[in-house]
Amino acid sequence: MSGLSLQRLAVCCRCSCQPPPHNPCGATVFRQSGCAPLRVSVFRNMEYFWRGRTQNNRELVESLKQNGSLRTKRVADVMEQVDRGLFVPPNELPYIDNPMPIGYNATISAPHMHAACLELLSGHLQPGMCALDVGAGTGYLTAAFGMMVGKEGRAVGIEHIPELTHQAIENVQRSRAGHLLASGSLSLHTGDGREGYPAGAPYDAIHVGAAASEVPQALVDQLKPGGRMVIPVGDIFQELTVIDKAPDGSLKQWGATSVRYVPLTSRQSQLGHN
Ligand code: SAH
C-alpha cells in the first residue's frame, strides 16, 4: 500500500494492494505484477461509487483541495498539469484517492500522498533547483518535480526495476513533462536508489517513495546544504520523515505523519526471489 496515510488505512485495507508481509490486514493479495483477484476488483469498483466519483484529473485535484490535502496553488497547479491517468495502468481507476498496483509488487502512491510530499518539498522545488526521486515507480512525482524546477532545473528519477523505469519513461513522454525528458532536464534511470544518483548531486530536494529501515547515508551525503529530504522511515510502523540540512551541514529531522509504503529494498527481495 505504497504511499498511504495511516488515517486512510481502513479504506485501503479493502483493496489489499500489498503482498505479504506488507499487507496489514492479511486479506486477499496480489501474487505477481499487479494481478488483481476478482474480489479485489469488485471491492475497488464499489468503493469508487461509494466515495464519490472523481472521474478526471481536475475533479481529483478539486477534491484534494477540498479535503485539505492540497494547500498551495503551486502544488495544485502541478497536480492538475500532470494527469494521473497517464501514469496509472489502464485496468485501474486513476482518479480515486487510493494507491494502485503497477506490477512487480509496487504501487503508485495515493494522490493525497503525492500531494503531501509535493507540499513538503515545494520550497525546495523552485525553478532552477535539482531534485531526486528515489523509487520513481510510475515516474509521476519525477514528472511533477520536473514541472516545478523547470527547464533550467534538473529532476532525476531512479528506480530499480528496469521494466518500471521503461514504463515511467513512456508515461512521462506522454505527459506535459515530456519536453523536459527530451531536453535532458528530466531523466529516469535504473539503479539501486539507496545509493542515490551521485552524477546529479547535490540535490535541493530528495524524495524517497519506499520505506527505509534507516536513512541511507548516501542520500544524506547527496543532499545540498539548505536542502530537504522526505523519506518514509520504519518497518511495520513508518513515519514520513522530513530531514533538513542546514547551510552548515547539520541535520534536523521531524515526522510529518504515519504512513505505509512498500520497502526500500533489493530487487530480489521485492520480487520475492529470496
Ligand atoms: N512514487 C512512486 C512510488 C512507487 S512504489 C509512484 O507513486 O509511482 C515504490 C517504488 O520504489 C517501487 O517502484 C519500487 O520498485 C521502488 N524501489 C524499492 N526499493 C528500491 C531501491 N532500492 N532502489 C530503487 N527503487 C526502489
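Computed from heavy atoms alone, side chains included, the values below leave out hydrogens, waters and symmetry copies.
A distance-only check finds a donor-acceptor pair linking the side chain of Lys245 to the backbone of Leu223 [under 3.5 Å]. Counting only distance, with no hydrogens or angles, the side chain of Glu92 and the backbone of Val88 share no donor-acceptor pair below 3.5 Å. Although no hydrogens or angles enter the test, the distance criterion places a donor-acceptor pair under 3.5 Å between the side chain of Thr241 and the main chain of Glu239. Panel note: side chain Gln222, backbone Ala201; no donor-acceptor pair is recorded below 3.5 Å.
Considering every non-hydrogen atom in both Asn67 and Leu64, the closest pair reads OD1-O, 3.0 Å. Between Val172 and Ala143, the shortest heavy-atom distance links the atoms CG2-CB, 4.3 Å. Across every non-hydrogen atom of Ala205 and Leu121, the tightest pair is CB-CD2, 4.0 Å. When all heavy atoms are compared, the tightest approach of Pro216 to Leu264 is CG-CD2, 4.0 Å. The heavy-atom pair separating Pro111 from Met79 by the smallest distance is O-CE, 3.8 Å. Residues Ser213 and Asp235 share a closest heavy-atom pair of OG-OD1, 2.9 Å.
Every residue meeting the salt bridge (Lys or Arg N to Asp or Glu O under 4.0 Å) condition with Lys224, not counting sequence neighbours, appears here in chain and number order: Asp204. For Gln217, the side chain to side chain donor-acceptor pair (under 3.5 Å) partners two or more places apart in sequence, or in a different chain, are Asp221. The salt bridge (Lys or Arg N to Asp or Glu O under 4.0 Å) check on Asp192 picks up Arg194, with sequence neighbours excluded. Under the ring pair (Phe, Tyr, Trp, His ring centres under 6.0 Å) criterion, Tyr203 pairs with no residue at all, not counting sequence neighbours. For Lys65, the side chain to side chain contact (heavy atoms under 4.5 Å, CB included) criterion is met by Val61, Glu62, Leu70, Ala76, not counting sequence neighbours. Partners of Arg74 under the salt bridge (Lys or Arg N to Asp or Glu O under 4.0 Å) rule, at least two apart in sequence or in another chain, do not exist in this structure. Asn57 pairs by the side chain to side chain donor-acceptor pair (under 3.5 Å) definition with nothing, not counting sequence neighbours. The side chain to side chain contact (heavy atoms under 4.5 Å, CB included) search around Ser187 returns Arg154, Val156, His189, not counting sequence neighbours. Among residues two or more places apart in sequence or in another chain, the side chain to side chain contact (heavy atoms under 4.5 Å, CB included) test is passed with Ser183 by Ser185. By the side chain to side chain donor-acceptor pair (under 3.5 Å) test, His207 is found to be paired with Asp133, residues two or more places apart in sequence or in another chain being considered. Under the side chain to side chain contact (heavy atoms under 4.5 Å, CB included) criterion, Arg71 pairs with Glu119, not counting sequence neighbours.
By the rule that hydrophobic residues join a cluster once side-chain heavy atoms approach within less than 4.5 Å of another member, Ile206 and Leu120 end up as members of separate clusters. Connection of Val82 to Val230 is established within a shared hydrophobic cluster, with ILVMFWY side chains joined at heavy-atom distances below 4.5 Å, either directly or through further cluster members. The hydrophobic cluster containing Val215 does not contain Phe237, counting ILVMFWY residues as joined when their side-chain heavy atoms lie under 4.5 angstrom apart, directly or transitively. Note on Val75 and Ile108: same hydrophobic cluster, where clusters join Ile, Leu, Val, Met, Phe, Trp and Tyr whose side-chain heavy atoms are under 4.5 Å apart, directly or indirectly. Linking ILVMFWY residues whenever their side-chain heavy atoms come closer than 4.5 Å, directly or via other members, places Ile169 and Tyr104 in the same cluster.
Screening Thr138, Asn171, Ile161 for a side chain to side chain contact (heavy atoms under 4.5 Å, CB included) with Ile102, the sole residue that qualifies is Thr138. Results of the side-chain hydrogen bond (donor to acceptor under 3.5 Å, both in side chains) test with Asp244 over Arg228, His124, Lys252 single out Arg228 as the only residue that passes.
In this structure, the separation between CG on Leu60 and NE2 on His114 is 11.0 Å, given to the nearest 0.5 Å. Distance check, rounded to the nearest 0.5 Å: CD of Gln173 to NE2 of His179 gives 13.5 Å. Here the OG1 atom belonging to Thr165 is positioned 11.5 Å from the CD atom belonging to Glu170, to the nearest 0.5 angstrom. Between atom OG1 of residue Thr142 and atom CE of residue Met147 there is a gap of 13.5 Å, rounded to the nearest 0.5 Å. Between the CG atom of Leu188 and the CD atom of Gln167 there is a distance of 11.5 Å, given to the nearest 0.5 Å. Interatomic distance, CG of Leu125 versus CG of Leu118, reported as 7.0 Å (0.5 Å rounding).
Within the 4.5 Å cutoff, no side-chain heavy atoms of Glu152 are placed close to those of Pro127. The shortest distance between side-chain heavy atoms of Phe145 and Val78 does not fall below 4.5 Å. Counting heavy atoms from C-beta outward, Ser109 and Tyr261 have side chains that approach closer than 4.5 Å. By the 4.5 Å heavy-atom criterion applied to side chains, Pro232 and Val208 are counted as neighbours.
In this structure, a donor-acceptor pair under 3.5 Å is absent between the side chains of Asp77 and Gln81.
The neighbour count for Arg58 CZ, taken as heavy atoms of other residues, nucleotides or ligands under 6.0 Å away, does not exceed 12.
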*Take Val220 and Met229 through the test side chain to side chain contact (heavy atoms under 4.5 Å, CB included) and record every step on the way to the result.*
CA-CA 8 Å; Val220 175; Met229 175 165 21; 4.0 Å; yes

_Before you tell me yes or no, could you show the steps for Val259 and Met113 under side chain to side chain contact (heavy atoms under 4.5 Å, CB included), namely the whole-Å CA-CA distance, both residues' side-chain angles and the distance that decides it to 0.1 Å?_
CA-CA 9 Å; Val259 288; Met113 285 313 305; 3.6 Å; yes

*Please test Val233 against Glu214 for side chain to side chain contact (heavy atoms under 4.5 Å, CB included), starting from the C-alpha separation and ending with a verdict.*
CA-CA 6 Å; Val233 180; Glu214 285 173 15; over 6 Å; no

*Using the side chain to side chain contact (heavy atoms under 4.5 Å, CB included) rule, take Ser258 and Gln238 through it: C-alpha gap first, then chi angles, then the decisive distance, then the call.*
CA-CA 6 Å; Ser258 298; Gln238 303 164 4; over 6 Å; no

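Within the structure, the ring-ring contact (aromatic ring centres under 6.0 Å, His included) test picks out the following pairs touching residues 60-91 (sequence neighbours left out): Phe87-Tyr140.
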